Amino acid sequence: MPELPEVETTRRGIAPHIEGQRVSRILVRQPRLRWPIPETVLERLPPAQLHRVRRRAKYLLLEFETGHLLMHLGMSGSLHIVDPQHDAGKHDHLDLVFDNGQALRLTDPRRFGAVLWLGADPLEHPLLARLGPEPFSNEFAGSYLYRLSRGRKLPVKQFIMNQHIVTGVGNIYASEALFHSGIRPTRPAGKISAVRYQHLADAIKEVLAQAIAQGGTTLRDFVGGDGKPGYFQQQLHVYGRTGLPCSRCGHPLQETRLGNRSSVYCSHCQR
DNA sequence: CCCAAGACCTGGCGGC
DNA sequence: TGCCGCCAGGTCTTGG
């Protein structure tokens, strides 16, 4: 579910319900996520006021007066505002219960997500310190991609999915941005011209912005923190469309595997 | 540093 | 129905 647009949609959905509220209690039903939820979360958090919910890359940072709670949704995680009395399901691993009677509930069937306590300077944590620029920042541009890609042989799709190069781009939006910029996902990153990287950077910004505007992409049962589904799925041109005709030229879309991820593209429009 | 492969998990689906 | 293999939105770790 969660690439940058889904994480941002989640952030916008949950923030109004919990910003300014005080956590009164934490319920950990299943601590075994990607890493065990540390005891310090239980010890340090309640009672603490949540100032705001931020996002860096695909991470959410809950900024408390006492430090920062980092959350990552992995492949299958989601966050919802619930009545804490509401029965927890099998994959509801964590509740942050707030004074206003609502709870933030983390659901994550595959448990690739993470919940960590970061303390005072979250951006210096090893998981965040070396991340690439946010895609909507000025630093992220075609010239930046061009410069960092010189001499690199790996396929451009894997290059732009590397969070140390640019953050927030996952399998769906990498596939879509490459389609919109006419670049074949298998092309070695170091063999793409500066002008084509400008098109690619623009396409990444555009596809992510459009997806956020639509509330993300709904796959399986993803809904944002406000319970509304995402509608970007209706605008996918290649992802999940192997064998269907290209929306631009009509040729059947091809599929290959890169870095063990399925990669769909049009062999006619993407070179 | 660069890159490929493996690892971590559960659930849904198609095929037999 | 049941079992089996494969697939799924991520990313850290390991090893060459």
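Below, chain A is the first sequence line, B the second, and so on; all start at residue 1. No experiment lies behind these values; they were computed from the predicted model shown.
- Checked against C:dT11, B:dA4, C:dA8, the side chain of A:Y239 finds its nearest nucleotide in C:dA8.
- Across the protein-nucleic acid pair, A:K153 atom NZ and C:dG16 atom P stand 20 Å apart, rounded to whole Å.
- Side-chain N/O atoms of A:H91 include none lying less than 4.0 angstrom from OP1 or OP2 on B:dT10.
- Of the listed nucleotides (B:dT10, C:dC12, C:dG10), B:dT10 has the atom at the smallest distance from the side chain of A:R111.
- Contact of the A:L104 side chain with the A:L62 side chain is registered, since non-hydrogen atoms from C-beta on lie closer than 4.5 Å.
- The side chain of A:R257 contributes an N or O atom lying less than 4.0 Å from OP1 or OP2 of C:dA8.
- A straight line from NE2 of A:H93 to P of B:dT10 spans 9 Å, rounded to a whole angstrom.
- Taking atom P on both nucleotides, B:dC9 is separated from C:dC3 by 23 Å, rounded to a whole Å.
- For A:R110, counting side-chain heavy atoms from C-beta on, the closest listed nucleotide (B:dC3, C:dT11, C:dA8) is C:dA8.
- Among the nucleotides B:dC9, C:dG10, C:dC12, the one closest to the side chain of A:K58 is C:dG10.
- Picking from C:dA8, B:dC3, C:dC12 the nucleotide with the shortest atom distance to the side chain of A:S262 gives C:dA8.
- Across all strands shown, B:dC9 remains unpaired; no Watson-Crick or G-U wobble contact has both distances below 3.5 Å.
- Atom CZ of A:F112 and atom P of B:dC9 are 8 Å apart (whole Å).
- Of the side-chain N and O atoms in A:K90, one or more sit less than 4.0 angstrom from OP1 or OP2 of B:dG11.
- Salt-bridge check for A:E6 with A:K58: failed, with every basic side-chain N at 4.0 Å or more from each acidic carboxylate O.
- Regarding A:M71, its CE atom lies at a distance of 16 Å from the C1' atom of C:dG10, rounded to whole Å.
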